[in-house]
Amino acid sequence: MNRELDLTQAQWRKSSYSGGDNDCVELAVFDDRIAIRDSKCPDRSPLVVARADARAFIEGIRVGPWS
């Protein structure tokens with residue numbers, strides 16, 4: 001994932017579980033990657049991961065170690 005990602009046209013979406021204190025995670029979805037940032041620090045470089053890796057991470061959280 002070393003390719004540069006043009007974030008100027010990113011459409012950031014806030015988590016539906018966000019609190020009112022602006023302490024949340026925002027995502028921008030691209031063809032093959034997802035950018036993740038802290039809404040309190042939007043000028044910092046986001047974490048960029050492959051969509052497949054993000055999907056596996058979320059699925060792992062959903063399923064958990066108990067299954």
Side-chain angles (χ1 to χ4, degrees):
M1 296 282 110
N2 290 345
R3 292 189 331 248
E4 285 295 317
L5 189 59
D6 180 11
L7 297 171
T8 59
Q9 299 300 315
Q11 295 181 4
W12 294 98
R13 296 184 301 174
K14 217 173 257 193
S15 168
S16 61
Y17 292 98
S18 298
D21 297 328
N22 203 29
D23 54 351
C24 51
V25 172
E26 294 177 317
L27 301 176
V29 179
F30 297 89
D31 289 333
D32 60 344
R33 293 179 281 172
I34 294 177
I36 306 164
R37 72 179 184 185
D38 181 344
S39 64
K40 294 184 303 291
C41 305
D43 294 331
R44 283 188 164 170
S45 295
L47 172 66
V48 178
V49 297
R51 286 183 75 166
D53 293 340
R55 190 175 298 118
F57 176 74
I58 292 167
E59 181 65 12
I61 291 171
R62 188 185 71 75
V63 172
W66 44 88
S67 60

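Among all heavy-atom pairs drawn from Phe30 and Asp6, the shortest one is CE2-O, 3.9 Å. Annotation for Asp31 and Arg51: closest pair O-CD, 3.2 Å, computed over non-hydrogen atoms.
Separation of atoms CG (Asp43) and CZ (Arg37) is listed at 8.0 Å; rounding is to 0.5 Å.
Shown here are the side chain to side chain contact (heavy atoms under 4.5 Å, CB included) partners of Glu59, two or more places apart in sequence or in another chain: Arg62, Val63. For Ala54, the side chain to side chain contact (heavy atoms under 4.5 Å, CB included) test picks out Ile34, Val49, with sequence neighbours left out.
If you run side chain to side chain contact (heavy atoms under 4.5 Å, CB included) between Glu26 and each of Gln11, Lys14, Arg13, only Lys14 comes through.
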